[in-house]
Amino acid sequence: MQSLNPVLITDSQPIANKAFLLQFNRTFIFKPGQIIGITTQKEIAPRLYSICSTPNDATVSILYTIKEDGVLTPQLSALKAGETIWITQPQGKFLFDGKPSWWIATGTGIAPFYSMFQSGQKPLKLIHGGRTQNDLYFHQEFQALTDYIKCCSQDSGNGIYAGRLTKYIDEQESLPPHINYYLCGSAEMVVDVRNLLIKKGAEYHQIITEIYF
Amino acid sequence: MSKSILFGKTLAELNEICKQIGLPGFAGKQIAQWLYQKEVYSIAEMTNLSLKSRELLAQKYEVGLEAPIKVQVSADGTKKYLFQAKAGNFIETAMMPDNDRKTVCVSSQVGCKMGCLFCMTARQGFQSNLTAGEILNQYRSISEWAEITNLVYMGMGEPFDNIDEVLKSLEILTSDWGYALSPKRITVSTIGIIPGMKTFLEKSNCHLAVSMHTPFEEERKKLMPIEQVYSLEEVIEHIRAFDFGLQRRVSFEYIMFKGVNDTPRHVKELIRLLNGLRCRINLIRFHPIPDSPLQGSDDETIMEFKDTLNRKGIITTLRASRGQDIYAACGLLSTKELVKKQEKDY
Ligand SMILES: Cc1cc2nc3c(=O)[nH]c(=O)nc-3n(C[C@H](O)[C@H](O)[C@H](O)COP(=O)(O)OP(=O)(O)OC[C@H]3O[C@@H](n4cnc5c(N)ncnc54)[C@H](O)[C@@H]3O)c2cc1C
Ligand code: SF4
């Protein structure tokens, strides 16, 4: 097992229904898009989380949702500032190369893109999907992007595309040529969107994916 | 109330059950022998347990073997079995006869979360982890089970994403109170989930197969999302650091994709990457899945690739394609059968 180091939580706040933002002091260097392993006790295998803060922030932020029947997240959500969690070193290679791209995420899959965005990196288009607006974390901050599409499968209203993000992508007449697609979220979304992009003419090697398995 | 299933429980778990319901200490081993060494389908048949013990056990438990619900036979003798899983999903198993060997290829999950570009199971999404019992049932409940010489964990799912149940199934297969099979007859295949792989290497003696499919990071990222999280380079680093002894084998699976991973540049990189590692490469022909952007390499290219690697000292074999006439590609059969589509999670 990768070595675990203790850190003190500096803040832990619910930011939406079932979603928490966890913060702790940064003791390592990382790149936007990387992940770390976190656990509450050494006996529980660490789970992986995307870092959603920037490499310059003094604290590291993690965005996570509670899985009611999960092992770690219910425990994690009960911890308060001043309590200890165990972390691994940052790892992972879901890194943005700066080339013209669409970023596509569902739910907490927005986390690496938030880190990239807060670090000054920008996509041509950001598409974020969730069941309701409540699942579109950081939507206020992302409004600063020129092309930010909020897709809700069970919500509608101001500035929301009412429907799944796959429907939104499918409705696009054509995809811009020679761009990359960064996908992050559940396996189901990643596989559906990858198939759709390929069907609409994208080459598979233009698609870079991170799956929250 | 439905009864709990005994088949797939380890000796330690059976001992615990016996303790809880007040059976004598030695009953756990007796039950294990009935489950894994004799052909019984019910608790009533476990005749060296007292009648009282059998009654107590049967109040809450049943053996729980499940017959396949469908079998298809290929012209080459390969058989595809479908077992019913929960909620309208199916478990897929293949049995491949080859001269004096019969190999069963078991699934470890229903569906898969790993999203490999070339895989039909990936398109089905993830439905559930299989229990040790559901994994072993794919071996025990096929008609040729007594003739099976080898088991491979290469069906649906990523075994190390379900490490606890996979390890339990391996313990039952290889323990003297279980099926007492040699670990040399069992191979577990992974795309490289490092934490699970390390646990497997420490706790089991079975062979390891790693799905590589290209030695280049940038290419592998596009074929297999796992490369972003646990890179092939790190996987090989861990393998190098582990003492496999003389008996235990590590192999690399390599599906040949036309113009993607079948060039001399790939041969050269494979040689560099695997330099000094005692391992072998299994090349596999790719049979395109519907709407796939990938195509299989032609035979001439595959042979050239194989011969060059062998000449350079890496033992390389070409795995025969089996059961093509009955959808041998992993996941094709069960995806076809997947009647109930789940609600999307986004
Ligand atoms: C690269 C990567 C990055 C990630 N980043 C994030 C992130 O930024 N934010 C985030 O919220 N999550 C992220 N995840 C997911 C995260 O690692 C955890 O999986 C998640 O938080 C759940 O952890 P848990 O311990 O609560 O649940 P677990 O106990 O691990 O269970 C996970 C889910 O599987 C189900 N499950 C457990 N056992 C079984 C079984 N036998 N059969 C069927 N289902 C079962 C549970 O019900 C639960 O819903 C990431 C995952 C990966 C791989
Ligand atoms: S190849 Fe294996 S790990 Fe990859 S998606 Fe298919 S079943 Fe899962």
Side-chain angles (χ1 to χ4, degrees), chain A residues 1-2 33-35 37 45-48 50 88 91-95 97 104-107 109 112 128-131 135 151-154 164-167 180-199 201-213, chain B residues 109 111-127 157-158 160-164 191 193-199 202 214 216-234 238 257 259-260 289-294 341-346:
Chain A
M1 192 51 64
Q2 219 189 328
Q34 283 199 300
I35 50 182
R47 278 31 177 185
L48 298 173
S50 301
T88 65
Q91 62 179 93
K93 295 185 175 167
F94 188 65
L95 309 175
D97 64 3
I104 303 170
T106 46
H128 192 187
R131 290 202 171 119
D135 304 325
C151 301
C152 294
S153 56
Q154 295 168 17
R164 287 203 181 93
L165 52 68
T166 36
K167 182 161 166 271
N180 288 329
Y181 301 88
Y182 285 76
L183 278 47
C184 184
S186 68
E188 185 174 27
M189 180 284 279
V190 165
V191 171
D192 286 352
V193 172
R194 187 177 60 196
N195 286 345
L196 182 60
L197 292 171
I198 291 170
K199 196 184 94 189
E203 300 278 347
Y204 79 87
H205 50 76
Q206 292 172 274
I207 306 169
I208 300 116
T209 57
E210 177 98 308
I211 292 182
Y212 286 0
F213 55 81
Chain B
Q109 299 180 313
C112 186
K113 298 179 208 152
M114 299 302 147
C116 301
L117 178 67
F118 45 83
C119 173
M120 200 62 195
T121 303
R123 299 208 186 158
Q124 174 178 332
F126 173 76
Q127 277 77 40
E158 162 54 45
F160 298 161
D161 189 38
N162 184 20
I163 184 72
D164 294 344
I191 58 168
I193 310 276
I194 292 175
M197 184 179 85
K198 286 170 83 176
T199 311
E202 280 153 22
T214 172
F216 293 108
E217 179 183 314
E218 280 309 309
E219 287 174 8
R220 199 165 182 267
K221 275 182 181 177
K222 315 291 167 66
L223 298 173
M224 305 168 76
I226 195 66
E227 178 68 21
Q228 317 275 7
V229 180
Y230 300 116
S231 69
L232 178 66
E233 203 184 329
E234 291 168 277
H238 283 290
F257 302 114
V260 172
I289 58 175
D291 303 322
S292 170
L294 301 164
K341 193 77 195 110
Q342 291 183 317
E343 196 198 342
K344 298 236 175 260
D345 64 0
Y346 61 93

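In what follows, chains carry the letters A, B, and so on, assigned in the order in which the sequence lines appear, proteins first and then strands, with residues in each chain numbered from 1.
In this view, B/Phe257 and B/Phe118, B/Phe286 satisfy the ring pair (Phe, Tyr, Trp, His ring centres under 6.0 Å) rule, not counting sequence neighbours. Legend: residues meeting side chain to side chain contact (heavy atoms under 4.5 Å, CB included) with B/Asp161, ordered by chain and number and at least two apart, are A/Phe213, B/Gln109, B/Lys113, B/Met114, B/Glu158.
Comparing B/His238, B/Glu234, B/Gln228 by how many heavy-atom pairs each has under 4.5 Å with chain A, the most go to B/Gln228.
Contact of A/Ile207 with chain B is made through the backbone alone, with heavy-atom distances under 4.5 Å. Residue contact with chain A, scored on non-hydrogen atoms closer than 4.5 Å, involves the side chain of B/Ser231 exclusively. Using a 4.5 Å cut-off between heavy atoms, B/Glu218 does not touch chain A at all. Only the side chain of A/Val191 has a heavy atom closer than 4.5 Å to any heavy atom of chain B. For A/Thr106, the part sitting under 4.5 Å from any heavy atom of chain B is the side chain, from C-beta outward, and nothing else. Looking at B/Ile193, the atoms closer than 4.5 Å to chain A (heavy atoms on both sides) all sit in the side chain, from C-beta outward. Residue contact with chain B, scored on non-hydrogen atoms closer than 4.5 Å, is absent for A/Leu183. Contact annotation for A/Gln34: neither backbone nor side-chain heavy atoms come within less than 4.5 Å of a heavy atom of chain B.
Side-chain contact, A/Asp135 with B/Tyr346: no donor N or O sits under 3.5 Å from an acceptor N or O. Side-chain contact annotation: A/Asn195 with A/Tyr204, donor-acceptor N/O pair under 3.5 Å absent. Using modelled atom types, one finds a donor on one side chain and an acceptor on the other under 3.5 Å when comparing A/Tyr212 with A/Ser50.
A salt bridge does not link A/Asp192 with B/Arg123: none of the charged nitrogens is closer than 4.0 Å to a carboxylate oxygen. Look at B/Glu227 and A/Lys93 and you find no salt bridge, because none of the NZ, NE, NH1 or NH2 atoms lies under 4.0 Å from a carboxylate O.
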